[in-house]
Amino acid sequence: MSDLKEKYMVTGDVRPDDMPRIETKEQAEAFIEAQVELAKKQIGDGNVLLALSGGVDSSVVAALLIKAVGSQLTCIHVNHGLMRKGESEQVIEVFREQLKANLIYVDAVDRFLDKLEGVSDPETKRKIIGAEFIEVFDEEAARLADMRFLGQGTIYPDILESKDGIKAHHNVGGLPERMNMELVEPVKLLFKDEVRVVGTALGLPDSMVNRQPFPGPGLGVRCLGAITRDRLEALRESDAILREEFEKAGLSKKVWQYFTIVPDLKVTGVKDGKRAYEWTCIIRAVNTKDAMTATIERLDWEFLERISARITKEVNGITRVLYDVTSKPMGTIEME
Ligand code: XMP
């Protein structure tokens, strides 16, 4: 066994001092080899279940476990209707079509949106989304026989924070205890930037590996107040335009988090020569190290005007675009 691989043959919750930081392809490949071997040993001929959101951590764990145990892994992707444009499609394309994973795609859009109807309190919205997710996942898992293991995209900050008592160490709010399964957590000793290097070495697309942070409740906390389907659609479309323009301008890796928000606020505008009474869309772009404080990105005015022109022209129901210039504190990064 190579010396480098040996350094990554680590189990347990403590990162050894001599485990090299993963920065190069060679290190990532040695890590992958080590963790594939460890996962094979742990799982044997058992079956593994994984909630695959399409975020960096769960995607990297899925790709690693496909390498380790292939068809013994079953991934469940729950589309709660609050994904960004194209995200669920990308999960299907990458994991089902390219990596040939066993992927169960659950279209739970109506279930989530029906439950959220008329609910305007942000924390209640979050609770409904979290609880419904567990229910859908549980239901799907119950249909599968003999799942002894649960894959999880736990990363080292989750472990450190749970030791500090900052947050519970669960990626999927309370699933492991309830389901009585043994955890498989191949990236639990890695920091986020290392997970990205591993993801690239596993051949995952750049847009998946280097994607900006996205909250668990998804677009649900950016469609402010009680979510309606038409306003959610306007949010998804405006966000897609913003992301496309950031990519084109080479800003997507420079700015930490950028997105649109559509509050339940209608204002007067003019569309096609007629008075229009439509929604407002807010652009937010921030930089931070740890999300505890954040500063705004000073976007170029011409760039902002271009985005504003596209959103008001291309998105049904939006006639006005605003730019949020609030740092954290006093603002938070999200608006809910
Ligand atoms: P705030 O708005 O608190 O956001 O300044 C800090 C970071 O956390 C993300 N965020 C969430 N992530 N579930 C998540 O998984 C949530 O309920 C949630 N709320 C905020 C936010 O996108 C930002 O990166």
Side-chain angles (χ1 to χ4, degrees), residues 51-61 77-85 87 91 112 115-116 119-134 136-137 152-162 164 166-175 187 191-193 195-196 208 210-227 232 235-236 238-239 242-243 246 251-263 282-297 324-336:
L52 178 59
S53 65
V56 188
D57 307 331
S58 65
S59 296
V60 168
V61 169
H77 175 72
V78 178
N79 180 0
H80 49 27
L82 307 166
M83 310 287 288
R84 286 173 293 194
K85 189 171 178 178
E87 272 185 326
V91 169
F112 276 82
K115 277 254 157 79
L116 286 164
V119 181
S120 56
D121 175 65
E123 292 314 307
T124 312
K125 283 165 74 176
R126 280 187 170 80
K127 277 197 191 116
I128 291 174
I129 296 165
E132 194 62 19
F133 181 86
I134 290 177
V136 173
F137 191 83
Q152 273 214 144
T154 311
I155 62 173
Y156 206 41
D158 298 331
I159 293 190
L160 297 177
E161 284 173 9
S162 75
D164 293 344
I166 295 174
K167 69 175 182 191
H169 157 209
H170 291 135
N171 270 7
V172 217
L175 278 176
V187 298
F191 290 97
K192 196 81 171 192
D193 57 322
V195 180
R196 295 192 205 277
M208 197 170 245
N210 286 308
R211 84 177 205 172
Q212 56 169 322
F214 187 56
L219 297 181
V221 290
R222 296 176 182 167
C223 188
L224 304 187
I227 299 168
L232 180 62
L235 170 62
R236 201 183 330 268
S238 62
D239 180 71
L242 184 87
R243 285 193 290 137
F246 267 68
L251 285 170
S252 58
K253 283 188 190 163
K254 186 175 166 264
V255 181
W256 197 79
Q257 208 172 5
Y258 49 94
F259 50 89
T260 60
I261 296 144
V262 181
I282 300 167
I283 293 176
R284 184 115 175 99
V286 297
N287 291 307
T288 176
K289 281 209 155 55
D290 55 9
M292 302 299 284
T293 62
T295 53
I296 61 152
E297 171 74 15
D324 186 345
V325 290
T326 321
S327 39
K328 175 180 181 177
M330 298 294 282
T332 48
I333 293 177
E334 303 291 342
M335 286 186 86
E336 275 196 338

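Note that ligands are numbered from 1 as they come in the structure, with each ligand's atoms numbered from 1 the same way. All residue numbers refer to positions in the sequence shown, counting from 1.
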- Could you tell me which residues satisfy side chain to side chain donor-acceptor pair (under 3.5 Å) with E334, sequence neighbours excluded, listed by chain and number?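 Side chain to side chain donor-acceptor pair (under 3.5 Å) list for E334, sorted by chain: R222.
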- Item | Set of residues satisfying side chain to side chain donor-acceptor pair (under 3.5 Å) with respect to R196, sequence neighbours excluded | none
- Who passes side chain to side chain contact (heavy atoms under 4.5 Å, CB included) against K253, sequence neighbours left out? D206, N210
- Measure the acute angle between the ring planes of Y156 and F191, then classify it against the limits of 30° and 60° as parallel, tilted or perpendicular. perpendicular
Check each N or O atom of ligand 1 against all protein N or O atoms and list the pairs under 3.5 Å, with atom names and distances to 0.1 Å, one per line.
{"residue": "ligand 1", "atom": "2 (O)", "partner": "I333", "partner atom": "N", "Å": "3.3"}
{"residue": "ligand 1", "atom": "2 (O)", "partner": "E334", "partner atom": "N", "Å": "2.8"}
{"residue": "ligand 1", "atom": "5 (O)", "partner": "K328", "partner atom": "NZ", "Å": "2.6"}
{"residue": "ligand 1", "atom": "5 (O)", "partner": "I333", "partner atom": "N", "Å": "2.7"}
{"residue": "ligand 1", "atom": "15 (O)", "partner": "G216", "partner atom": "N", "Å": "2.9"}
{"residue": "ligand 1", "atom": "17 (O)", "partner": "R126", "partner atom": "NE", "Å": "2.6"}
{"residue": "ligand 1", "atom": "19 (N)", "partner": "R126", "partner atom": "NH2", "Å": "3.0"}
{"residue": "ligand 1", "atom": "22 (O)", "partner": "Q257", "partner atom": "NE2", "Å": "2.9"}
{"residue": "ligand 1", "atom": "22 (O)", "partner": "E334", "partner atom": "OE2", "Å": "2.5"}
{"residue": "ligand 1", "atom": "24 (O)", "partner": "Q257", "partner atom": "OE1", "Å": "2.8"}
{"residue": "ligand 1", "atom": "24 (O)", "partner": "Q257", "partner atom": "NE2", "Å": "3.4"}

- Query: Can you find a pair of side-chain heavy atoms, one from L52 and one from S58, that are under 4.5 Å apart?
  - Reply: yes
- Task: Count the heavy atoms of every other residue, nucleotide or ligand shown that sit under 6.0 Å from NZ of K328, and state whether that count exceeds 12.
- Result: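 Yes, enclosed.
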